[in-house]
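Worksheet for the structure shown next.
If you're wondering where the values come from, they're calculated on a predicted model, not measured in any experiment.
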Amino acid sequence: MTHQRSMIKYFLRLFTHPSNTIQQILQESPSFFRIVIFLCGVGILRGILEEVLQLLVVGQFSQVVSSALLSKKYLLAGIPFLLSSVSFAYLRWVAFAFIVYFLGRFVGGKGRFEQLLRLYGVILGIYAVTILPNFVYLIIKSPIITFRISTTYNPSFGIGQILTSCWLVFISYKVVRI
């Protein structure tokens, strides 16, 4: 039995050694159970970070943290958004794996869909990271588009999504090549 790295270590190694890490994930084949748990954590972390960013942008973070009543209200109001973040992580997982599988087959690849599910289960750790560069908006004005959906949830699209999308294109290219 081979030693398997944690999902987080696989994910972080993708930034420094993408080709080697892709091959290592393919060789070690992490279990789908580990991937599902990892993506659940990624979705929850993404939802929390996005909610904190929204509260900071509208200047309500300190009020929510200092008031037990407001904290409870925001926690309850945030549950559907956390669930949607987790669900969206799973949806992205399957969609990205399918798109790259289809693209790889189109260009003559021989990979199996199961392999891409394992790879993208790790690669989509980027879903949590996507929101982090948008925190720069709090320090300096940077391009960001905020969608006004409700009083408690207004998702943003900014530099974070652009940077991580570029990384996803790069890593997807590597996956198709391998």
Side-chain angles (χ1 to χ4, degrees), residues 4-16 18 21-22 24-26 28-57 74-104 111-137 144-150 152-176 178:
Q4 291 190 355
R5 291 178 178 11
S6 74
M7 295 294 116
I8 295 170
K9 284 184 181 177
Y10 283 137
F11 173 69
L12 293 175
R13 283 200 75 228
L14 282 169
F15 289 99
T16 58
T21 306
I22 290 167
Q24 186 176 35
I25 293 167
L26 289 172
E28 294 177 3
S29 294
S31 73
F32 283 116
F33 178 76
R34 289 176 59 209
I35 293 169
V36 166
I37 297 300
F38 175 67
L39 287 177
C40 181
V42 164
I44 289 170
L45 181 59
R46 166 60 190 242
I48 290 170
L49 289 172
E50 190 156 11
E51 189 63 30
V52 167
L53 178 63
Q54 291 306 312
L55 289 173
L56 287 169
V57 166
Y74 272 90
L75 282 174
L76 290 174
I79 289 172
F81 302 113
L82 284 177
L83 292 175
S84 71
S85 286
V86 172
S87 299
F88 200 59
Y90 293 135
L91 178 65
R92 281 181 166 209
W93 175 30
V94 174
F96 275 88
F98 179 76
I99 290 168
V100 174
Y101 174 76
F102 181 75
L103 178 64
R112 294 185 325 268
F113 185 64
E114 175 189 320
Q115 293 173 311
L116 290 172
L117 279 174
R118 291 183 199 284
L119 284 168
Y120 276 89
V122 176
I123 290 169
L124 284 177
I126 199 72
Y127 182 58
V129 179
T130 301
I131 197 74
L132 292 177
N134 291 346
F135 279 85
V136 170
Y137 178 78
I144 192 167
I145 299 170
T146 301
F147 299 94
R148 303 284 177 214
I149 294 177
S150 71
T152 57
Y153 184 70
N154 299 304
S156 300
F157 179 80
I159 291 175
Q161 287 81 358
I162 294 168
L163 291 174
T164 56
S165 293
C166 290
W167 182 79
L168 272 171
V169 167
F170 167 75
I171 207 75
S172 294
Y173 169 76
K174 291 276 193 187
V175 166
V176 169
I178 290 172

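Of the inter-residue distances, the one linking Arg13 atom CZ with Ile25 atom CD1 reads 9.0 Å to the nearest 0.5 angstrom. The distance from atom CG of Leu116 to atom OH of Tyr101, rounded to the nearest 0.5 Å, is 8.5 Å. Distance check: Leu26 CG to Arg118 CZ gives 9.5 Å after rounding to the nearest 0.5 Å. A distance of 9.0 Å separates CD1 in Ile171 from CG in Leu119, rounded to the nearest 0.5 Å. With values rounded to the nearest 0.5 angstrom, Thr21 atom OG1 is found 10.0 Å from Ile123 atom CD1. Considering CG of Leu12 and OG of Ser6, their distance stands at 8.0 Å, rounded to 0.5 Å.
Between Val129 and Thr164, the closest heavy-atom pair is C-CG2, 4.5 Å. When every heavy atom of Gly43 is checked against every heavy atom of Ala89, the shortest pair comes out as CA-CB, 4.4 Å. For Tyr10 against Arg34, the heavy-atom pair with the smallest separation is CE1-NH2, 4.3 Å.
In this structure, Tyr173 places its OH atom where only 12 or fewer heavy-atom neighbours from other residues, nucleotides or ligands lie under 6.0 Å away. In this structure, Phe102 places its CZ atom where only 12 or fewer heavy-atom neighbours from other residues, nucleotides or ligands lie under 6.0 Å away.
Each side-chain hydrogen bond (donor to acceptor under 3.5 Å, both in side chains) pair with one or both residues in residues 87-97, not counting sequence neighbours, would appear here, but there are none.
Classification of the Trp167-Phe11 ring pair by plane angle, with boundaries at 30° and 60°, yields perpendicular.
With hydrogens and angles disregarded, no donor-acceptor distance shorter than 3.5 Å links the side chain of Arg46 to the backbone of Ser85.
Tyr120 and Ser172 share a side-chain donor-acceptor pair at under 3.5 Å.
Just one of Leu124, Val86, Val122, Ile44 meets the side-chain contact (heavy atoms from CB on, under 4.5 Å) condition when paired with Leu39; it is Leu124.
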*Step-by-step side-chain contact (heavy atoms from CB on, under 4.5 Å) determination, Phe88 to Leu91*: CA-CA 5 Å; Phe88 200 59; Leu91 178 65; 4.1 Å; yes
*Decide side-chain contact (heavy atoms from CB on, under 4.5 Å) for Tyr127 and Leu168; before the verdict, give the C-alpha distance in whole Å, the side-chain angles of both, and the deciding distance to 0.1 Å.*
CA-CA 10 Å; Tyr127 182 58; Leu168 272 171; over 6 Å; no
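For the pair Phe170 and Pro18, the minimum side-chain heavy-atom distance is below 4.5 Å.
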